[in-house]
Amino acid sequence: QVQLVESGGGLVQAGGSLRLSCAASGLTFSSYAMGWFRQAPGKEREFVAAISWTGAGTYYADSMKGRFTISRDNAKNTVYLQMSSLKPEDTAVYYCVTSRFSSRLRVGDTDDWGQGTQVTVSS
């Protein structure tokens, strides 16, 4: 029922920027916290960012603070991740996720996942 479609990934040079988008359908978008996880090759999935139902609360992993910005447009059922000052270690598949609460999302208690979009940062 729920479908999350990520887009915006690609190949960028270190120091560059990308904006990821996640278009959601099949859910009452405004009733869900949204967020992003990522998984690098050979690594476990890690939390990137989360945003509350209305966007009033945003949360980031420490390594992303100051570089990444999560936002949402409930009218468009879309969540975004603006990434800047990208580093090679940011290379990963980035996944859009949902949860009832941002507090749960941040600890990996998620309801749905997208298929992911590849971000590759070259040095």
Peer 1: Is Val48 reachable from Met34 through a run of I, L, V, M, F, W or Y residues, each pair having side-chain heavy atoms under 4.5 Å apart?
Peer 2: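 Per the 4.5 Å side-chain linkage, Met34 and Val48 are co-clustered.
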Peer 1: Would Val5 end up clustered with Trp36 when hydrophobic side chains under 4.5 Å apart are linked, directly or stepwise?
Peer 2: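 In one cluster: no.
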Peer 1: Give a yes or no on whether Ile51 and Met64 share a hydrophobic cluster (residues Ile, Leu, Val, Met, Phe, Trp, Tyr; joining criterion: side-chain heavy atoms under 4.5 Å apart).
Peer 2: yes
Peer 1: Could you pull out the closest heavy-atom pair between Leu4 and Trp113, with the gap in Å?
Peer 2: CD1-C, 3.8 Å
Peer 1: Hydrophobic side-chain clustering at under 4.5 Å (ILVMFWY, transitive links): who's grouped with Phe101? Put none if nobody.
Peer 2: Trp53
Peer 1: Given side chain to side chain contact (heavy atoms under 4.5 Å, CB included), test Tyr59 with Ser102 step by step and report yes or no.
Peer 2: CA-CA 8 Å; Tyr59 311 90; Ser102 59; 3.4 Å; yes
Peer 1: Could you report the tightest heavy-atom contact between Asn74 and Ser30, atom names first, then the distance?
Peer 2: ND2-CB, 3.6 Å
Peer 1: Salt bridge (charged side-chain N to carboxylate O under 4.0 Å, His left out) with Lys43: which residues, sequence neighbours excluded?
Peer 2: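 Checked Lys43 against salt bridge (charged side-chain N to carboxylate O under 4.0 Å, His left out); zero matches.
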Peer 1: Is it the case that more than 12 heavy atoms not belonging to Gln115 sit under 6.0 Å from its CD atom?
Peer 2: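 Check fails, neighbour count at 12 or below.
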Peer 1: Give a yes or no answer on whether the side chain of Ser99 reaches the backbone of Thr110 with a donor-acceptor pair at less than 3.5 Å.
Peer 2: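 Not at all, since once roles are kept as given, no pair shorter than 3.5 Å links the two residues.
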Peer 1: Looking at every heavy atom in both Tyr32 and Arg100, which two are closest together, and how far apart are they?
Peer 2: CE2-CD, 4.1 Å
Peer 1: Any heavy-atom pair between the side chains of Ile70 and Val79 that's under 4.5 Å?
Peer 2: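 Sidechains of Ile70 and Val79: in contact.
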Peer 1: Tell me whether Glu6 contacts the main-chain N or O of Gly116 through its side chain, where contact means a donor paired with an acceptor under 3.5 Å.
Peer 2: yes
Peer 1: Closest heavy-atom contact between Met83 and Phe68?
Peer 2: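 The answer is CB-CE1, 3.5 Å.
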Peer 1: Could you report the tightest heavy-atom contact between Tyr60 and Lys65, atom names first, then the distance?
Peer 2: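 Taking Tyr60 first and Lys65 second, the nearest heavy atoms are O-CE, 3.6 Å.
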Peer 1: Side chains of Tyr80 and Thr78: closer than 4.5 Å at any heavy-atom pair?
Peer 2: yes
Peer 1: Tell me whether the NZ or CZ atom of Arg45 lies within the 45° cone about the ring axis of Phe37 and under 6.0 Å from its centre.
Peer 2: no
Peer 1: Within a strict 4.5 Å, meaning less than it, do heavy atoms of the Leu20 and Thr117 side chains meet?
Peer 2: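 Contact flag for Leu20/Thr117 side chains = yes.
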Peer 1: Can you give the donor-acceptor pairs under 3.5 Å from side chains of residues 85-95 to other protein atoms, not counting sequence neighbours?
Peer 2:
unit_1: Asp90; atom_1: OD1; unit_2: Arg38; atom_2: NH1; d: 2.9
unit_1: Asp90; atom_1: OD1; unit_2: Arg67; atom_2: NH2; d: 3.0
unit_1: Asp90; atom_1: OD2; unit_2: Arg67; atom_2: NH1; d: 2.7
unit_1: Asp90; atom_1: OD2; unit_2: Lys87; atom_2: N; d: 2.8
unit_1: Thr91; atom_1: OG1; unit_2: Pro88; atom_2: O; d: 2.9
unit_1: Thr91; atom_1: OG1; unit_2: Val121; atom_2: N; d: 2.9
unit_1: Thr91; atom_1: OG1; unit_2: Val121; atom_2: O; d: 3.4
unit_1: Tyr94; atom_1: OH; unit_2: Arg38; atom_2: NH1; d: 2.9
unit_1: Tyr94; atom_1: OH; unit_2: Asp90; atom_2: O; d: 2.7

Peer 1: Do Ser71 and Gln82 touch side chain to side chain, with heavy atoms closer than 4.5 Å?
Peer 2: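 Heavy-atom side-chain distance check fails, nothing below 4.5 Å.
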Peer 1: Output the distance between atom CG (Leu81) and atom CG (Leu18), rounded to the nearest 0.5 Å.
Peer 2: 9.5 Å
